[in-house]
Amino acid sequence: MKVIKSISEWQALRSTIPAEKTVGFIATMGCLHDGHASLIKQSVLENDVTVLSIYVNPTQFNDASDFENYSNTFEHDLEIAKACHVDFVFAPEKTAMYPDHHSISVQTDDKISQVLEGEFRPGHFNGMLTVVLKLLLLIRPTIAYFGEKDYQQYELIKKLVHQFFLTCEIKGCAIVRETSGLAMSSRNKRLSKNGLKQAEAFANLFQQYPELSKYNLLAQLKALDIEVEYLEEMGDRAYIAAFVEGVRLIDNIKYQ
Ligand code: AMP
């Protein structure tokens with residue numbers, strides 16, 4: 001496994017990968033867990049070469065403290081990547097992805113970007129789409145894998161690829177959960193033992209929706225001291241965002 005930190009080094013290396021080889025790509029912000037590993041494993045299974053990026057993208061954080069508190073577990077991430085048989089880890093320096101200080105970016109007012117995460121995290125999707133476009137142009141994957149954990153993100157990336165005439169395929173991967181039902185997330189690591197219990201109860205209650213009515217679900221979450229930001233249906237999915245011990249957790253389920 002080769003770790004590349006410089007963009008020019010990656011570009012030189014990319015040009016040596018023969019055109020007939022398929023390249024699978026997983027974009028992450030590090031702090032890897034089994035959710036990320038499932039995307040990596042699918043890529044390794046389906047492609048000749050797998051590239052993993054680790055880059056905490058500053059432009060998609062609408063909350064400065066969330067960015068500052070984002071865990072850095074780089075050495076451990078490399079161990080996971082290696083165990084999953086990643087070929088290349090692309091981990092650019094903080095400023096390298098924005099040599100123009102973010103003066104040219106992707107802007108969306110697509111209706112998916114205006115609701116749920118888009119409504120409560122202003123600017124988040126513009127920052128995310130900007131970095132994903134840059135990464136897709138650099139990596140030039142055959143298939144890029146994204147988790148359904150961030151379902152709006154996955155839908156917007158499919159639209160991005162279509163609108164910018166990129167040729168890669170975007171594949172959505174099922175949410176990986178702890179045995180407790182809690183969706184795996186880098187943010188779960190910030191929870192205390194008690195907070196983790198609350199988060200597990202949150203996931204369990206949410207998965208009972210819509211059999212458990214919206215009213216009852218919200219009442220039970222409130223009783224657990226969990227502050228819900230939104231609980232909405234869109235298409236055939238239900239989406240939720242809530243705070244446990246100040247940590248923002250999101251989840252979604254297909255319910256039809
Ligand atoms: P992140 O590092 O949180 O930006 O996530 C990188 C990729 O992993 C995104 O495509 C996420 O949707 C995906 N991902 C994160 N957590 C999970 C999970 N629990 N199950 C499946 N995919 C996930």
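Start at 1 with the first residue, then count along the sequence. Start at 1 and go down the list; that is how both ligands and their atoms are numbered. Fair warning: this is a prediction, and the values are worked out from it, not measured in the lab.
Within the 6.0 Å centre-distance limit, the rings of Y154 and Y151 are counted as a close aromatic pair. F120 and Y230 have their aromatic ring centers within a separation under 6.0 angstrom. Ring centroid separation for the pair Y70 and F61 comes in under the 6.0 Å cut-off.
When the options H36, M184, H33 are ranked by their closest heavy atom to atom 5 (O) of ligand 1, first place goes to H36. The residue among Q60, K149, R187, R177 with a heavy atom at the shortest distance from atom 14 (N) of ligand 1 is K149.
Taking only nitrogen or oxygen atoms, main chain and side chain alike, M29 reaches within less than 3.5 Å of ligand 1. Taking only nitrogen or oxygen atoms, main chain and side chain alike, V176 reaches within less than 3.5 Å of ligand 1. Considering backbone and side-chain N/O atoms, Y145 never comes within less than 3.5 Å of an N/O atom of ligand 1.
Of the charged side-chain nitrogens involved, at least one lies within less than 4.0 Å of a carboxylate oxygen, so that R248 and E229 count as a salt-bridged pair. Ion pair R177/D251 flagged as a salt bridge, since at least one NZ, NE, NH1 or NH2 atom sits closer than 4.0 Å to an Asp/Glu carboxylate oxygen. In this structure, K82 does not pair ionically with D77, as no charged nitrogen and carboxylate oxygen lie closer than 4.0 Å. A salt bridge links R237 to E148: one of the charged nitrogens lies within less than 4.0 Å of a carboxylate oxygen. Looking at R187 and D66, a side-chain N of the basic residue comes within less than 4.0 Å of a carboxylate O on the acidic one, giving a salt bridge.
At a 4.0 Å heavy-atom cut-off, ligand 1 does not touch I26 at all.
Nearest protein heavy-atom neighbour of atom 10 (O) of ligand 1: G147 N, 2.9 Å. When only non-hydrogen protein atoms are considered, atom 7 (C) of ligand 1 lies nearest to A27 O, 3.6 Å. Distance from atom 21 (C) of ligand 1 to its nearest protein heavy atom, with residue and atom name: A174 O, 3.5 Å.
Without hydrogens or angle criteria, Q198 side chain to L224 main chain gives a donor-acceptor distance under 3.5 Å.
In the vicinity of I175, heavy-atom distances shorter than 4.0 Å reach the ligand 1 atoms 20 (N), 21 (C). Less than 4.0 angstrom separates some heavy atom of T28 from each of these atoms of ligand 1: 2 (O), 6 (C). Counting atoms of ligand 1 from 1 in the listed order, those under 4.0 Å from a heavy atom of D150 are 11 (C), 12 (O). Less than 4.0 angstrom separates some heavy atom of F146 from each of these atoms of ligand 1: 10 (O).
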